[in-house]
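What follows is a short report on a single structure.
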Amino acid sequence: MNELLGSRIKALRIAKNLTQEQVADQIGVSRQKYARVESGTNSITLDILSKVAEILDVTVGDITRVLDETPVVAYRTGGTESSSEKIFDMLDLFLCQ
C-alpha cells in the first residue's frame, strides 16, 4: 500500500515539475523523509498526505484512488508487478527524457 501511494505521489510531483526538495520544504519535512514516503519505506500520515495534495493541486482522493484500482493487466498476464507500477515506470521513462 505504501508503495502504491508513494508511486502515485511521485508521478503527480513529476507532472508538476517539482523536486523532492521543493515538496519537502513546503510540507515541513526533510527531503530524506519525503523521499522515503515516495519510495514506500515510510508510511504517510493523513496530515502529510493532505499537505502533499494541496501542494500538488489535487485532492487526497486523487492520490488514494490508486488503492481502489484492481491491477487488471497483472491479473491477466500473471505478472507480479501491478499495472499501476508499470504505468508509473513508463511515465517516468517518458518524462525524464
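Reckoned from all heavy atoms, side chains included, excluding hydrogens, waters and symmetry mates. Just so you know, residue 1 is the first one in the sequence shown, and it goes up from there.
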Legend entry - Euclidean distance, Leu49 CG relative to Ser43 OG, rounded to 0.5 Å: 12.0 Å
Legend entry - Point-to-point distance, once rounded to the nearest 0.5 Å, from CD of Glu21 to CD of Gln26: 11.5 Å
Inset, instruction - Without swapping roles, check the side chain of Glu54 against the backbone of Lys51 for a donor-acceptor pair under 3.5 Å. - result: no
Legend entry - Check: Lys10 and Gln20 side chains under 4.5 Å, non-hydrogen atoms: no
Legend entry - Nearest non-hydrogen partners of Ala24 and Ser30, listed with the distance: CB-O, 3.6 Å
Inset, instruction - Taking all non-hydrogen atoms of both residues into account, name the closest pair between Asn17 and Gln22 and its distance. - result: O-OE1, 4.0 Å
Legend entry - Residue pair Lys16 / Leu56: nearest heavy atoms and the distance that separates them: CE-O, 3.0 Å
Inset, instruction - Measure from the side-chain N and O atoms of Ser7 to the backbone N and O of Leu4, and report whether any donor-acceptor pair falls under 3.5 Å. - result: no
Inset, instruction - Look up atom CD1 in Ile63 and atom CD1 in Ile44, then write down how far apart they are to the nearest 0.5 Å. - result: 6.5 Å
Inset, instruction - Please answer whether the main-chain N or O of Asn42 pairs with a side-chain N or O of Arg36 as donor and acceptor at a distance below 3.5 Å. - result: no
Legend entry - Nearest-0.5 Å distance that lies between atom CG in Asp25 and atom CZ in Arg31: 11.0 Å
Inset, instruction - Mind listing the closest non-hydrogen atom pair of Val60 and Ala53 along with its distance? - result: N-CB, 3.9 Å
Legend entry - Min side-chain heavy-atom separation Val52-Tyr34 under 4.5 Å: yes
Inset, instruction - Could you go through the side-chain contact (heavy atoms from CB on, under 4.5 Å) check for Arg65 and Arg8 one step at a time? - result: CA-CA 9 Å; Arg65 73 179 167 87; Arg8 177 75 174 146; 2.8 Å; yes
Legend entry - Non-hydrogen side-chain atoms of Asn2 and Thr41 separated by less than 4.5 Å: no
Inset, instruction - Decide yes or no for Leu12 and Ile9: does some side-chain heavy atom of the first lie under 4.5 Å from some side-chain heavy atom of the second? - result: no
Legend entry - Thr59 and Asp62: CA distance, side-chain angles, deciding distance, side-chain hydrogen bond (donor to acceptor under 3.5 Å, both in side chains) verdict: CA-CA 5 Å; Thr59 66; Asp62 290 333; 3.2 Å; yes
